[in-house]
Structures are given as C-alpha cells and as structure tokens.
Amino acid sequence: MIRLKSPSQIAGIRRSCSLLASVMEELEHLVEPGVTTRVLDARAREMIGDNGGRPAFLGYHGFPGALCVSVNEEVIHGFPSDRVLLNGDVVSIDCGIAKEGYFSDSAITVGVGTVSSQVDQLLKRTYEALWNGIAAATAGRRVNDISRSVFRTVEPHGYGIVRPYCGHGVGLELHEDPQVPNYVGRGPNPRLKPGMVIAIEPMVNLGGDAVELLDDDWTVVTRDRSVSAHFEHTVVILKESTEVLTRRAGERVFAEAQQI
Ligand code: MG
Ligand code: MG
C-alpha cells in the first residue's frame with residue numbers, strides 16, 4: 001500500500017531530510033586517507049543525536065551502525081569498523097534518520113584521495129543517473145519512468161546495474177511501498193502522485209551486475225569484486241514539481257538532467 005503524505009507529514013519529513021542533508025555534507029568532508037569508517041559513524045551519531053534525531057538504521061533488523069559504510073567492491077550494507085580508508089578507495093555512506101517519527105534516507109559515494117579515472121567516471125555517471133531518475137519522478141508519470149531513466153543513463157557504459165536491491169517509499173517508515181527498481185522489470189508500476197515520498201538509489205558496478213552476500217549476512221559485494229557506486233536522495237512528488245528533500249547545501253540541482 002502506497003501512503004500519500006499530508007502537507008504536515010511532508011513538513012515533518014522535510015525536517016528529517018534537512019538534518020540528514022547536513023550530516024551527509026559533514027561526512028563527505030570527513031572522508032580522507034587515514035580515517036576509519038567507525039569515525040564517520042561516530043560523527044553521524046553525534047550530529048543526529050544533538051539535533052533531536054535517531055539513527056534509523058541502528059538496530060534495524062539488528063544492524064550495528066548508524067551508517068552503512070561500503071568500501072570498494074562492497075555495494076551496500078557494510079558495517080562501520082576500524083578499517084582505515086586508503087588513497088584510491090571509494091566509500092559509499094548510506095544514512096537514515098528518524099526525527100519526530102519521520103524518516104529520511106540518503107547515500108553518497110566518495111572517492112578517497114585520488115581515484116582512477118575509470119572509478120571517477122563510474123561515480124559521476126551513477127550520480128548523473130540519480131538525477132536523471134529524479135527528473136523523471138514527476139506527478140502523472142510512473143515508477144518505470146524513473147527506472148528507465150536511471151538504467152539508460154548507465155547501461156550504455158557497460159556497467160552492471162544491481163537488480164536485487166532498489167529504491168522505495170519512505171517517510172512514515174524507513175521502507176514503504178512502492179519499490180523503485182533501477183531497471184524496468186515486470187513488477188508493479190504505479191503512477192506517481194502528489195504526496196508520494198520515495199528514495200531513488202541507483203547502485204552501479206564497474207563490472208558485472210551480479211552481487212553476493214558476505215558471511216556476516218549483511219554486506220553485499222559485487223561477485224566479480226569490481227568497484228560499486230551508490231547515490232540516493234529522498235524526494236517528494238508535488239503537484240507541480242518534485243522536491244529533493246535530502247539535497248545538500250553545496251549540491252546544485254542537475255539543471256541538465258534529461259527526461260530520458
Ligand atoms: Mg539509504
Ligand atoms: Mg534507501
């Protein structure tokens with residue numbers, strides 16, 4: 001069941017998302033060679049707690065961190081740890097906040113120091129796919145329009161698009177209907193309506209699309225161990241526009257985002 005949010009619920013979700021945007025902005029700047037992923041997690045907990053929120057991932061089905069931190073071939077759901085980030089790594093930071101009962105969800109993938117040009121392009125194109133997905137997420141269109149837009153942005157480059165995990169409704173819970181895949185499948189294809197709040201989150205691999213689960217039962221990695229990128233925003237569909245609720249202060253709207 002897709003829950004359409006009222007204006008007051010959207011206002012609450014907006015506050016949760018705005019806190020998350022400032023947390024993500026801070027974390028992005030903390031990433032550098034020599035930092036452990038646990039330091040990022042600690043800073044996120046501190047900022048969220050200081051601002052009246054709760055890390056939504058912490059304890060979710062037993063997850064041990066405020067962040068999912070996924071390095072290099074890790075796609076999603078990695079644990080914060082004492083792993084030291086090294087020059088040339090990429091780190092995906094995924095965070096969710098519950099604030100006053102309203103949920104937000106956002107992810108970025110950041111290069112540590114200097115990354116190869118191949119990896120740099122993967123990050124740029126996955127980020128572009130997120131914004132092309134957002135551009136397609138307007139009232140009256142359908143979930144498949146988002147999926148198609150994401151897929152067509154990255155597929156021509158020969159990347160692997162992760163299929164078993166996808167975007168989702170969010171706002172009153174961390175994960176709600178509908179599912180928002182990064183490819184056009186045969187699943188439900190609901191129409192986008194004003195009041196829908198969704199997280200759009202392309203996950204794209206430098207190599208093949210196959211992924212597997214590590215023995216910790218959480219961390220998803222690429223089967224061929226190629227590097228993976230992940231970007232996510234929470235957006236609200238409004239009558240005349242779509243608002244990117246987790247947009248960071250320094251982040252421009254992709255004006256050239258194409259309606260593919
Ligand atoms: Mg997320
Ligand atoms: Mg999500």
Side-chain angles (χ1 to χ4, degrees), residues 2-3 5 13-14 16-28 31 37 40-41 44-45 47-48 53-71 74-80 90-99 102-110 123 126-127 129-131 133-134 137 143 146-147 150 161-183 187 192 196-204 211 218-221 228-237 242 244-248 251:
I2 297 172
R3 298 161 88 174
K5 278 70 175 182
I13 297 165
R14 187 180 283 117
S16 179
C17 286
S18 153
L19 173 56
L20 179 53
S22 53
V23 169
M24 297 304 279
E25 196 167 25
E26 167 86 359
L27 297 177
E28 185 174 21
V31 171
T37 58
L40 303 176
D41 188 70
R45 291 187 196 213
M47 277 186 82
I48 294 167
R54 174 176 70 76
F57 298 175
L58 186 61
Y60 185 79
H61 297 290
F63 189 79
L67 306 178
C68 294
V69 188
S70 309
V71 181
E74 297 171 355
V75 181
I76 46 169
H77 302 167
F79 296 166
V90 295
V91 57
S92 150
I93 302 169
D94 191 352
C95 187
I97 294 176
K99 183 173 158 68
Y102 298 108
F103 289 80
S104 49
D105 194 0
S106 183
I108 52 175
T109 303
V110 187
L123 298 184
T126 306
Y127 183 70
L130 167 63
W131 281 96
I134 291 169
V143 163
I146 302 172
S147 307
V150 167
I161 294 124
V162 176
R163 293 172 185 245
Y165 303 91
C166 61
H168 50 91
V170 61
L172 305 180
E173 294 175 69
L174 186 56
H175 293 115
E176 302 178 20
D177 288 338
Q179 293 205 338
V180 183
N182 294 310
Y183 66 100
L192 302 170
M196 280 177 66
V197 178
I198 53 174
I200 300 173
E201 49 178 318
M203 295 157 226
V204 181
V211 296
W218 275 102
T219 312
V220 176
V221 298
S228 187
H230 177 209
F231 289 90
E232 176 179 26
H233 271 313
T234 295
V235 309
V236 58
I237 314 290
T242 294
V244 183
L245 297 172
T246 46
R247 187 165 72 87
R248 300 178 292 285
E251 190 181 20

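Just follow the structure's listing: the first ligand is 1, and inside any ligand the first atom is 1. Not measured: the values here are computed from a predicted model. Residue numbers count from 1 along this sequence.
- How far OG1 of Thr126 is from CD1 of Ile108: 13.5 Å, rounded to the nearest 0.5 Å.
- Per residue Asp94, closest N, O or S atom to the Mg ion (ligand 1): atom name OD1.
- For Gln179, the CD atom sits in a loose shell: 12 or fewer heavy atoms of surrounding residues, nucleotides or ligands are nearer than 6.0 Å.
- The atom of Glu201 nearest to the Mg ion (ligand 2) is OE2, with the search restricted to N, O or S atoms.
- Judged purely by distance below 3.5 Å, without hydrogens or angles, the side chains of His175 and Tyr60 pair a donor atom with an acceptor atom.
- The N, O or S atom of Glu232 lying closest to the Mg ion (ligand 1) is OE1.
- The Mg ion (ligand 2) has His168 among its coordinating residues (N/O/S atom, backbone or side chain, under 2.8 Å).
- Residues Thr234 and Phe103 are not in side-chain contact: their nearest non-hydrogen atoms beyond the backbone lie 4.5 Å or more apart.
- Side-chain contact annotation: His233 with Thr246, donor-acceptor N/O pair under 3.5 Å present.
- When the N, O or S atoms of Asp105 are ranked by distance to the Mg ion (ligand 1), OD1 comes first.
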